[in-house]
Number of protein chains: 2
Amino acid sequence: MGGMAVKKVGRGTYKQQISDDLRQQIADGTLAPGAKLPTEAQLTDEYGVTRGTVRAALDILVNEGLIVSKRPVGYFVRERKPMVFRPQAEFRPRPYTPEMDAFMTEHQGRDPEQTIEVSIAEPTAEVAKRLQLKAGQLVVARRRVRYLDGEPFNINDSFFPLDLVRDTPIMRPESIAEGANEVLASLGYRQVRAIDELYVRMPTPDEVRRLELAPGTPIGYHVCTGYTEEGKPVRVAITVLPGDRHVISYERRRETPADES
Amino acid sequence: MGGMAVKKVGRGTYKQQISDDLRQQIADGTLAPGAKLPTEAQLTDEYGVTRGTVRAALDILVNEGLIVSKRPVGYFVRERKPMVFRPQAEFRPRPYTPEMDAFMTEHQGRDPEQTIEVSIAEPTAEVAKRLQLKAGQLVVARRRVRYLDGEPFNINDSFFPLDLVRDTPIMRPESIAEGANEVLASLGYRQVRAIDELYVRMPTPDEVRRLELAPGTPIGYHVCTGYTEEGKPVRVAITVLPGDRHVISYERRRETPADES
DNA sequence: TAGTGGTCTAGACCACGCC
DNA sequence: GCGTGGTCTAGACCACTAC
C-alpha cells in the first residue's frame with residue numbers, strides 16, 4: 001500500500017515475502033539460533049502491513065519448526081540439539097549388565113529418568129493386528145516417558161499379550177533389571193526376529209502433551225514387533241521420537257550400499 | 001456470543017474446540033478419508049463464530065496433516081497410502097541385475113520414472129564434512145526426483161568428490177545401468193561400510209516445491225555416507241522421504257530386540 | 001503498569017474452478 | 001456468474017510476565 005520506509009522484499013503475498021525474508025535471515029545467520037526476533041509491532045512497522053499479516057508470516061515459520069513463541073516475551077530462533085538414537089544399540093548382548101542399557105549409555109553425563117505406568121487394556125487395532133490377537137484378548141501396556149535433564153525425550157510404550165505375562169515383573173510399574181525381553185525369554189518366549197516400521201508424521205495432541213512438543217515438531221513413530229522362533233509375536237514396542245531431539249543413526253558393513261541406479 | 005442453534009463442544013478456545021471436534025470426527029470415521037468437510041461458511045454458522053476463527057481451527061488440522069484444502073472446492077480428509085521403503089533393500093547382491101533395482105522392484109505394477117540432473121558444485125557444509133573435503137574441493141552432484149504414477153515420490157541426491165569420478169558415467173545425466181557404486185568400485189573405491197543418519201523435520205520450501213508436498217507433511221531426511229576399506233568416504237547419498245508417502249521398514253534377526261529395561 | 005503475544009470480530013477484495 | 005477458499009485490513013480485549 002502507500003507505505004513510507006517500508007521494507008521491500010521478494011514476490012508473492014505479503015506473508016510469503018515476510019516469511020521468506022525472515023527465513024533467509026535465519027539461514028544466513030543474521031538471526032542466529034536462540035536470537036530474539038523483532039516484535040510483531042516492529043515487524044508491522046517494518047513491512048508496512050497489519051499485525052494479522054505479520055502473524056500469518058510468523059505462523060509459517062512456527063509451523064516449519066524454525067521459530068518458537070515464548071509468550072509474552074517474543075519469538076526466538078529455534079535451537080536444535082538432537083541426541084543420537086541408535087537402533088542397533090537396542091540390540092544388547094547377553095548376559096545383560098545394567099551398564100549396557102541403551103538409554104543410559106547413550107547419554108552419559110546427562111541425567112536420565114523415566115516414568116512407568118502399567119495397565120491392562122484393550123489393544124488398539126494397530127497393536128492387536130501385530131500381536132495377532134483375537135477379539136476380546138487383552139494386553140499389558142507398559143507406558144514410559146523418558147526424560148533427559150528433566151526434559152521429555154521420548155515415549156516408549158510396550159504391549160504384551162496378557163496371557164503371557166500375567167503375574168510377572170512385566171506387570172510391575174518399575175524398571176526391570178534384566179529387561180522385559182529376558183523375562184519373556186525365561187517364560188519360553190525368546191525373540192529371535194523383529195520387524196521394524198518407521199513412520200514420519202505430525203504428532204497427535206496427546207503426544208504434544210506428553211512430550212511437551214513445540215508447534216512444528218514432527219515425530220518419528222517407530223513400531224517394533226518381536227517374534228519367537230516359532231513365529232509367534234510376543235511384544236510390540238512403540239517409540240515416539242521428537243524430530244527436534246533425535247537423530248536416528250546406524251551403521252552397515254560388508255555390503256555395497258546401493259541407493260543408486 | 002449470543003448464538004442460536006450453535007454447536008457446543010469441549011473446553012478451551014473456540015478454535016481449539018472446533019478443531020478438536022473435527023479431529024474427533026476424523027478419528028471415529030464420521031469424516032472418512034477423502035470425505036469433504038463442511039465449507040467455511042457452514043462451519044461459521046454451525047459453531048457461531050466468525051470465519052477467521054473457523055479458518056484458524058482448520059489451519060490447525062492442516063498443519064497436523066489431517067486435512068487438505070483443494071481450492072476452490074473445499075477441505076478434504078487426507079488419505080494416506082504410504083509406500084514401503086526398505087533400507088536393507090538398498091543392499092543389493094552382486095552381480096547386479098537391473099531387475100534387482102530397489103526402486104523398481106519395490107513398486108511393481110506401478111509406473112516408476114525419475115529425473116536426473118548432474119552438476120559440478122561446491123559442496124554444502126553438510127556434504128563437505130561427511131566427504132572430508134578440503135576448502136575449494138568440488139563435488140559431482142547427481143540430483144534425482146523419483147516419480148510413481150506421475151507423482152513425486154522421493155528425492156535422491158548423491159554427491160561424489162570430483163577428483164574421483166571425473167569423466168565417468170557418474171557425470172552423465174542418465175541412469176547408470178550397473179549402478180554408481182559399481183562404477184566407484186571399478187575405479188578402486190569399493191564401499192564396504194556405510195553410516196546412516198535419519199532426521200525427522202519439516203521440509204524446506206525447496207523440498208515442498210520439488211516433492212509437491214501438502215502443508216503439514218513432515219519428511220524423513222536420510223543421509224548415507226559410504227566408505228572404502230581404507231575408511232575413505234567416497235559418496236554421500238541424501239534421500240528425502242515425504243512422511244505421507246513412506247513407511248520405512250526393516251527386519252532384524254538372531255538377536256534379542258531390547259528397547260526395554 | 002507497560003508491553004508482549006493470543007484470540008476474536010467484522011468486513012472487504014481477490015483468484016480460481018465449475019456451471 | 002456463483003461459490004469456494006486465500007489474503008488482508010482495522011480494531012478490540014485478554015493473559016501473562018517482567019519491571
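Chain A is the first sequence line, chain B the second, and so forth, proteins listed ahead of strands; every chain is numbered from 1. It should be emphasised that the depicted structure is a prediction, and the values quoted were computed from it without experimental measurement.
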Point to revise | side-chain hydrogen bond (donor to acceptor under 3.5 Å, both in side chains) partners for B/Gln25, two or more places apart | key: none
Review point. For the pair made of CD1 in B/Ile18 and C1' in C/dT9, what is the distance, rounded to whole Å?
Key: 13 Å
Exercise for review: Look at B/Thr53 and C/dT9 and indicate whether a side-chain polar atom (N or O) is within less than 4.0 Å of OP1 or OP2.
Suggested key: yes
Please output the side-chain donor-acceptor pairs of residues 34-44 of chain B that fall under 3.5 Å, not counting sequence neighbours, one pair per line with the distance.
{"unit_1": "B/Thr39", "atom_1": "OG1", "unit_2": "B/Gln42", "atom_2": "N", "d": "3.1"}
{"unit_1": "B/Glu40", "atom_1": "OE1", "unit_2": "B/Arg51", "atom_2": "NE", "d": "2.7"}
{"unit_1": "B/Glu40", "atom_1": "OE1", "unit_2": "B/Arg51", "atom_2": "NH2", "d": "3.2"}
{"unit_1": "B/Glu40", "atom_1": "OE2", "unit_2": "B/Arg55", "atom_2": "NH1", "d": "2.8"}
{"unit_1": "B/Glu40", "atom_1": "OE2", "unit_2": "B/Tyr75", "atom_2": "OH", "d": "3.0"}
{"unit_1": "B/Gln42", "atom_1": "OE1", "unit_2": "B/Thr39", "atom_2": "N", "d": "2.8"}
{"unit_1": "B/Thr44", "atom_1": "OG1", "unit_2": "B/Glu40", "atom_2": "O", "d": "2.7"}

Point to revise | DNA chain C-proximal residues of residues 59-66 of chain B, any heavy atom under 4.0 Å | key: none
Check your understanding: Does B/Arg142 come within less than 4.0 Å of B/Glu174, counting only side-chain N to carboxylate O?
Key -> no
Pick out the pairs of N or O atoms, protein on one side and nucleotides 2-6 of chain C on the other, that lie under 3.5 Å.
{"unit_1": "C/dT4", "atom_1": "O4'", "unit_2": "A/Pro72", "atom_2": "O", "d": "3.4"}
{"unit_1": "C/dG5", "atom_1": "OP2", "unit_2": "A/Glu40", "atom_2": "N", "d": "3.1"}
{"unit_1": "C/dG5", "atom_1": "O3'", "unit_2": "A/Ser69", "atom_2": "OG", "d": "2.9"}
{"unit_1": "C/dG6", "atom_1": "OP1", "unit_2": "A/Ser69", "atom_2": "OG", "d": "3.0"}
{"unit_1": "C/dG6", "atom_1": "OP2", "unit_2": "A/Arg55", "atom_2": "NH1", "d": "3.0"}
{"unit_1": "C/dG6", "atom_1": "OP2", "unit_2": "A/Tyr75", "atom_2": "OH", "d": "2.9"}
{"unit_1": "C/dG6", "atom_1": "O4'", "unit_2": "A/Arg71", "atom_2": "NH1", "d": "3.2"}
{"unit_1": "C/dG6", "atom_1": "N7", "unit_2": "A/Arg51", "atom_2": "NH2", "d": "2.6"}
{"unit_1": "C/dG6", "atom_1": "O6", "unit_2": "A/Arg51", "atom_2": "NH1", "d": "3.1"}

**Study point:** Residues which pass side-chain hydrogen bond (donor to acceptor under 3.5 Å, both in side chains) with A/Arg201, listed by chain and number, not counting sequence neighbours
**Key:** A/Glu207
Exercise for review: Output all residues satisfying side-chain hydrogen bond (donor to acceptor under 3.5 Å, both in side chains) with A/Thr124, sequence neighbours left out; order by chain, then residue number.
Suggested key: none
Check your understanding: With A/Arg71, which residues qualify under side-chain hydrogen bond (donor to acceptor under 3.5 Å, both in side chains), at least two apart?
Key -> none
Point to revise | For atom CZ of A/Phe76 and atom C1' of D/dT17, their distance in whole Å | key: 12 Å
Check your understanding: salt bridge (charged side-chain N to carboxylate O under 4.0 Å, His left out): which pairs involve residues 58-69 of chain A, sequence neighbours left out?
Key -> A/Arg23-A/Glu64
Exercise for review: Starting from C1' on D/dC8, measure out to OH on A/Tyr47 and report it in whole angstrom.
Suggested key: 17 Å
Practice item. Please list, chain by chain and in numerical order, all residues satisfying side-chain contact (heavy atoms from CB on, under 4.5 Å) with A/Gln16, sequence neighbours excluded. Key: A/Thr13, A/Ser19, A/Asp20, A/Ile60
Check your understanding: Taking atom P of D/dA10 as reference, at what distance in whole Å does atom OH of A/Tyr14 sit?
Key -> 11 Å
Review point. Can you tell me how far P of D/dT4 sits from CG of B/Asp45, to the nearest Å?
Key: 11 Å
